[in-house]
Amino acid sequence: MFDIAKIRADFPLLNETVNEQPLVYLDSAATSQKPQAVIDALARFYSHENANVHRGRHTLSENATRNYEHTRTLLADYFSVKSNEIVWTKGATESINLIANGLASRLNPGDKIALSAIEHHANIVPWQQLAQRTGAQVIILPIENDLSINSEHCSEFITQQRPKIVAITHASNTLGNITDLAPIISACKAINAISVVDGAQAAMHLRPHLPEISCDLYVFSAHKMLGPTGLGGLYGRYELLKSLDVYQTGGEMIETVSLTQSTFRDAPGKFEAGTPNIAGVIAFAEAINYLTSLDFQQMRQHEHTVFAYAINQLAAIDGIRIYSNQECNIGNISFNYKDEHPFDLATLLDGFGVAVRSGHHCTQPIMSQLGIPGTVRASFALYNNKDDVDAFINALKNSIELLD
Amino acid sequence: MNSTFKAVTKDIEIAAGWQQKYRQIMLLGKQLPAMPDALKVDDALVKGCESKVWLYIEFDHSENSLVLAGDSDTRIVKGLLALILALYNGLTPEQAAQINAYDEFERLGLINHLSPSRGNGIKAMVDKIQTMAEQKR
Ligand SMILES: Cc1ncc(COP(=O)(O)O)c(C=O)c1O
């Protein structure tokens, strides 16, 4: 059984008060809260286990190295891929930069890079920079009027336009909408385009089976999956991964160095230059264990129940406009109230102890398309419950009263 | 401190609880005269805010005083802006330099709003006014 009371007790931050009100945390799309096990693992590492990895033959260093590599194996299992296909970075942003940089030498002027119109800036700007450097061109996949991605339309577009790279999100941070990736990835395969999937939002909610998705590269951030900040990574199909150019160079990632030339380690080592986020990686194991200790179907069922309840309650309020897809969603709801500025609503909600985000959520193209300055986004995770929704709706009604 | 500011902040000071406080702030915003569109130029836009905030600032040499106007597309920031304008409008540079907006916001229980991490531009506005006052002293 999915024991939500027990789960909530595992996340100490949920017991905090803000502005003298019990906290209602609805900003998990920005960063998830951490279970006690992750917090303990960070303290344990620094108190008892701290040593550098892949260096030194002393016991602590060997233990740290083993634990560091163990998390790689756990995460590889989580994604159903091989552990040498996982690279650690400082987050999804760095992962996309690493990939864009690693693909630079195979782009020629006139080559196309296709993106969707709802990407996070992290999955737009590195590609624009890459295009500038190489003379390639960024093209935008078709988008429906309601901002949904019709995968059939996208795959037709890919077949026609023949981009070299297709970068698309698995789930939108602003809207929560889940992308139907299968037709898009098949279209990529048919024309040998490299597919890059931004899993920053989906990795925790959807526990993606990557061989089934069958994309070439998949990026994630640990802090959005119950793990520590400053850590993320990417999956790369090994044949492709090992052929990417290195991103940063220095210690740790080399095989041999002379004063005039160096050879690099095999992937994934060649992408991990310098001392990595050892404590973060080791503590992240506890986050993965936490997620996999939950039955996936039950977790999704619970998330969906809370999400659907929130949608229903919201939609019942006169003047609320919801922008998110209401069925196929990881749990992020973007909305506005009449013509009110999302900043005002979010500020008032904060006064009631409800943490939501307002603004463009690093997706300015979406806001331009909608012709609005931004939205209020309430984003849910496995540890939220219907009481959170009730408190949120109550606070929202009170906020609206203050505005009207 | 000038009398306009005293008058304007009286209701905020006596407001019972944060909700009343916000109500008063938003009311102040509502009463702020609309800023002419001609003044809403990019130069007047305070950078780095989630909301749009314009601050027009001029120095009236004949009166030796600061002339301020402003607007925002959000109610709360507009209200806070009205407070700032009430605090500084019409002051001489010497008087303006004496003002500590932080103390005033602290006294009103609004100090959170002067934190740069709030992203509302209030701090940037105060800095801009103070810089102007320094230059004209
Ligand atoms: C869809 C998406 N992609 C990329 C990122 C960037 O992640 P990070 O800031 O952890 O590097 C985010 C984070 O907000 C996101 O939501």
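Below, read A as the first sequence line, B as the second, and so on, with proteins coming before strands; counting in each chain starts at 1.
A donor-acceptor pair under 3.5 Å is absent between the side-chain atoms of A:D344 and the main chain of B:T74, judged by distance alone.
Both the backbone and the side chain of A:S358 have a heavy atom closer than 4.5 Å to some heavy atom of chain B. No part of A:E20 comes within reach of chain B, as not one of its non-hydrogen atoms sits under 4.5 angstrom from that chain.
Taking 4.5 Å as the heavy-atom cut-off, none of the residues of residues 29-44 of chain B approach chain A. Residues of residues 346-355 of chain A placed with any heavy atom under 4.5 Å of a heavy atom in chain B are listed by number as A:T347, A:L348, A:D350, A:G351, A:F352.
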side-chain contact (heavy atoms from CB on, under 4.5 Å) between B:V77 and A:F343: does it pass, once the steps are laid out?
CA-CA 9 Å; B:V77 177; A:F343 176 95; 3.4 Å; yes
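What you find for A:E401 and B:R23 is that their closest heavy atoms are O-NH1, 4.1 Å.
Here the CG atom belonging to A:L402 is positioned 10.0 Å from the OH atom belonging to B:Y22, to the nearest 0.5 angstrom. In this structure, CG on A:L403 lies 7.0 Å from CD1 on B:I76, to the nearest 0.5 angstrom.
Using a 4.5 Å heavy-atom threshold, the side chains of B:K52 and A:P373 count as separate.
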